[in-house]
Amino acid sequence: MRLFLFSAIVCAAQVVNPGFEQGDIGAVPTGWFVPRSLAEMGCKAELVGTGCKAGAKCAVLTGVTNPPPNSFSNLMQTIDAAPFAGQLVRMRAAVRVEGSATTGQMWLRLDGKDGSMGFLDNMSDRPIHGIVWDYYTIEANVGADTGKLAFGLMGSGSGKVYFDDVSITAIGAVKTEGPRALTAQGLTNVMAFARLYGYVRYFHPTLAAANDWDSFAIEGIRAIESVPAPQLAPMLRKLFAGVAPTVKIGAQPAAAVKEEGTWVGYKHYGVGMPAGGSFRSVYKSPIETVEKSLAPYTAEIAPGLPVIVPLSLGPEQSVVAPAPGARVTADPDDRATRLAAVIVTWNVFQHFYPYFDIVKTDWAAELPKALRAAAADSTRREFSGTLQRLVAALRDGHGFVSGASDYAGSYARISAAWVNGQLLVAQPRGQRVKAGDRIVAIDGQPVDAAAADLHARTSAATDGFLRSRSALGLLACSGRQRTLPLEIEPYAAPSTRAVVSVECGPFENKTRASYPEPRLEKIVELEPGIWCVDMDRLTREDWLANLAKWATAKRVIFDMRGYPAEPGISMIAHSTAEEIRSAPMLVPRPSRPDRTDFPFQTGGWPVQPATPRLQARPIFLIDGRAISYAETVMAMAENYKLGEIVGEPTAGTNGNINPFTAPGGYRIGWTGMRVTKHDGSPLHGVGVLPTVPVRRTRQGVAEGKDEILLKALELAKKQ
């Protein structure tokens, strides 16, 4: 049952101009606004006076012609959350869509008083296609720590999306369950539910798959946890009867199946699932015609409790589906929501993660561990750590957990680097420390202990990438912290200690001062005819403007330390005289659960030689930060021996990410495909290896030297 008590409306929403009656026709509605970046892109919101749902006026969002990928239009406002504290709120609006390939969405976000995001629902899993007016809703629990309600109306595509009669009302107090340890039987019950949940959601092809699976997981946990052992199978049958009536649970007669008719089943290409936001995934999971002989899947989901799950269904079984159940508010402070988030996350990787044979993680053992922790976690931060440790067990450089955090986070305004097992100040950026100083403790905690905790919560395939992530993460400032106390061992005074306070500030990315080595301008002629090009900051326009002189240069050093953009492939195309190919990119095509049948579809693409060709062999700089796209580029440089590769191994993680949102607003990232080296050997956990290995030294850091670049310059001058 739902854990809130319905009551009369507690307070009226403070939405400004909720019916869009204020403002001039053709203008943005009074009290609403279009974010500047979208307005500059050409997104348009205006009032119209015809065809409205209620009143004389309504709002319409018009998309741009040939919209850029992942773009959307947005009309929004924010209101104070104080009147809604401790309440379940419902956002409601009338919406209709006009135009092919156009969808509408409402969205509601809860912003913490400290600036953190506690909840976001943008209907990415249920976009609106209807051409006639209808009402849609979003519900969320407003905690006492919520400062603002941000909400709005979105449109995707080049057509029009109409909105009218917006309201936000409190509909009752929400009762969330606090932390409580799982009993032995409770753990058995929840694990059995978790296993069957994954089988049905991803492999049992009923149209009930359109249901709200997050709500199903939350309600299922509440119902199943406390039942005694003899009632486990009957309760599972009751829970799954509406979404999978042909599944056999325990000593249950198999459902009658007709032999005639067209059969359907899942055709997974990776796994298609709502990612949230405007992300467009290459992965998909359509239900299509299959051979009716597809054998059911049999598994034991608890000791002595087998299940038989049909993997293909006839039309009368797949088309006739029950109405979706009630949507449940996924409150990140609620224990059942946290357990559901673990179940949803664990199942995605249990059935679709492509690297378990390489990372050797005992994934089955991670489920009870995460469930026990989630049940007992008392704060959002603790539970974020539980999810992070679960994802870290993947050893996937694309793995991350974000959202529903109870702290905002800024960063100490220095750059740091791990060098020979020591965390060093790399760029002091005007603070009261110097390059080469060793950081001994952070905010009173020994750095080794802080690093061990962070590393356990950080997903990384190689030590180099783990070090690069933690060098930044260890310098995070919590909440509204304005300074971060550091205990240091000055380079100039070994074996002494000093405590300094370093200013905190917003995260900076790709500024010269934000790197852990002294970066030059993005295009520099180091010596006559020898150029250094920072590919992490280079734009397409920079590339085109300078290509002619680089083509005739003595040597060009391309710095790939970071996450370079598109010019990376152009760099490869101008470095080869013949067609070359990307490394194999393999997308899982599982037809059965638990990776028991896990074939791959091989992909990849050619790179044609381009003119002008670089006359001299390039030199490439790499280290553990070079990940994903950078490794696509560098794998070609490595395989086809296009030039010297100087530095340290890359991150060992490549392939399109496939993010999804777990109950409670947690966004989870991971790698959804398998990428190998050209010869089929592993790239994951290995990376692209330098032909000229170079590691930084504490002396070099203290002296402000980029030792990897200096080694490359030495090579360039010799040849």
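Given the structure is predicted, the values throughout are model-derived calculations rather than measurements. Heads up: numbering here begins at 1 and tracks the sequence.
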Beyond-backbone contact of K267 with V290, side-chain heavy atoms, under 4.5 angstrom: yes
Taking all non-hydrogen atoms of both residues into account, name the closest pair between Q481 and S410 and its distance. O-OG, 4.1 Å
OG1 of T246 to NE2 of H204, rounded to nearest 0.5 Å, is 3.5 Å
To the nearest 0.5 Å, what is the distance between CG (L339) and CG (L187)? 9.5 Å
Using 30° and 60° as the class limits, which term best fits the ring planes of Y197 and F216: parallel, tilted or perpendicular? parallel
Working to the nearest 0.5 Å, report the span between OG1 of T176 and CG of N141. 6.5 Å
Would K284 and V271 count as a side chain to side chain contact (heavy atoms under 4.5 Å, CB included) if you check the C-alpha gap in whole Å, the side-chain angles of each, and the deciding distance to 0.1 Å? CA-CA 5 Å; K284 55 187 177 180; V271 55; over 6 Å; no
Sub-4.5 Å side-chain heavy-atom contact between L394 and F349: yes
Any donor-acceptor N/O pair, Y283 side chain to N656 backbone, under 3.5 Å: yes
With no hydrogens and no angle check, do the side chains of D331 and T337 hold a donor and an acceptor under 3.5 Å apart? no
Flag, side chain of R237 to backbone of I249, donor-acceptor distance under 3.5 Å: yes
Would you say the ring centers of F203 and H351 fall short of 6.0 Å from each other? yes
Report the residue from H129, M154, M123 that forms a side-chain contact (heavy atoms from CB on, under 4.5 Å) with T103. H129
As an exercise, state the distance from OG1 of T345 to CD of E366, rounded to the nearest 0.5 Å. 12.5 Å
Side-chain donor or acceptor of N189 paired with backbone N/O of V227 under 3.5 Å: yes
Checking E382 side chain against S378 main chain: does a donor-acceptor pair fall under 3.5 Å? yes
Decide yes or no for V200 and W213: does some side-chain heavy atom of the first lie under 4.5 Å from some side-chain heavy atom of the second? yes
Do the side chains of E225 and R180 get close enough for a salt bridge, i.e. N-O under 4.0 angstrom? yes
Are K148 and I79 packed together at the side-chain level, in the sense that at least one heavy-atom pair is separated by less than 4.5 angstrom? no
Does D333 pair with R380 as a salt bridge, N-O distance under 4.0 Å? yes
For Y266 together with Y202, are the ring centres under 6.0 Å from each other? no
Could you check D214 against V344 for side chain to side chain contact (heavy atoms under 4.5 Å, CB included), going step by step and ending with a plain yes or no? CA-CA 8 Å; D214 288 357; V344 168; 4.1 Å; yes
In plain terms, say whether K369 and D362 are close enough for a salt bridge, that is, a side-chain N and a carboxylate O under 4.0 Å apart. no
Between N347 and A194, is there a donor-acceptor pair closer than 3.5 Å when you use the side chain of the first and the backbone of the second? yes
Which heavy-atom pair separates G397 from T653 by the least distance, and what is that distance? N-OG1, 3.1 Å
Any idea how Y355 and H684 line up, ring-wise: parallel (<30°), tilted (30 to 60°), or perpendicular (>60°)? parallel
Passes side chain to side chain donor-acceptor pair (under 3.5 Å), S459 versus D396? Steps please. CA-CA 5 Å; S459 187; D396 177 4; 5.4 Å; no
Check this for me: does any side-chain nitrogen of one of D594 and R195 sit under 4.0 Å from a carboxylate oxygen of the other? yes
If you apply the rule ring-ring contact (aromatic ring centres under 6.0 Å, His included), what do you find for F352 with H268, and how did you get there? CA-CA 9 Å; F352 300 101; H268 289 296; 4.9 Å; yes
Is a donor on one side and an acceptor on the other found under 3.5 Å between the side chain of S470 and the backbone of G473? no
Is it the case that the side chain of R335 and the backbone of A376 share a donor-acceptor pair, with hydrogens and angles ignored and the cut-off at 3.5 Å? no
Any chance you could lay out the ring-ring contact (aromatic ring centres under 6.0 Å, His included) test for W363 and F356, step after step, and finish with the verdict? CA-CA 8 Å; W363 192 243; F356 279 132; 5.4 Å; yes
For the residue pair W670 and Y353, does the interplanar ring angle fall in the parallel (under 30°), tilted (30 to 60°) or perpendicular (over 60°) class? tilted
Answer yes when D377 and R372 have at least one side-chain N-carboxylate O distance shorter than 4.0 Å, and no when they do not. no
Rounded to the nearest 0.5 Å, how far apart are CG of L474 and CD of Q445? 9.0 Å
So, T289 side chain and V264 main chain: donor-acceptor pair closer than 3.5 Å or not? no
Would you mind checking if R338 and D334 are paired as a salt bridge, meaning a charged N to carboxylate O distance below 4.0 Å? no
Where L586 and M673 come nearest, the two heavy atoms and their spacing: O-CB, 3.3 Å
Rounded at 0.5 Å granularity, tell me how far CG in L311 sits from CG in L294. 5.0 Å
Here the pair of heavy atoms bringing G270 nearest to P590 is O-CD, 4.4 Å
Write down the atom of L387, the atom of A341, and the distance for their closest heavy-atom approach. CD2-O, 4.3 Å
CD (E291) with more than 12 external heavy atoms under 6.0 Å: no
Taking the side chain as everything from C-beta on, heavy atoms only, tell me whether Y136 gets closer than 4.5 Å to M91. no
T78 side chain to A150 main-chain N or O, any donor-acceptor pair under 3.5 Å? no
Assess whether side chain to side chain contact (heavy atoms under 4.5 Å, CB included) is satisfied between T386 and L390, documenting all intermediate values. CA-CA 6 Å; T386 293; L390 180 63; 5.8 Å; no
Please test F193 against F240 for ring-ring contact (aromatic ring centres under 6.0 Å, His included), starting from the C-alpha separation and ending with a verdict. CA-CA 10 Å; F193 174 82; F240 284 89; 5.7 Å; yes
Parallel, tilted or perpendicular, as decided by the 30° and 60° cut-offs, for the rings of F598 and F600: perpendicular
Is there side-chain contact between N658 and T671, with heavy atoms separated by less than 4.5 Å? no
For Y135, does the six-membered ring have the charged nitrogen or CZ of R92 within the cation-pi criterion, i.e. under 6.0 angstrom from the centroid and within 45° of the normal? yes
Do K248 and V309 make a side-chain contact, defined as non-hydrogen atoms from C-beta onward lying under 4.5 Å apart? no
Minimum heavy-atom separation for A364 and P368, please, with both atom names. O-CD, 3.2 Å
For F383 and V342: C-alpha separation, side-chain torsions, deciding distance, then whether side chain to side chain contact (heavy atoms under 4.5 Å, CB included) applies. CA-CA 10 Å; F383 180 63; V342 169; 4.0 Å; yes
Please check if the side chain of R389 supplies one atom and the backbone of A456 the other of a donor-acceptor pair under 3.5 Å. no
Going by heavy atoms in the side chains, are I308 and V247 under 4.5 Å from each other? no
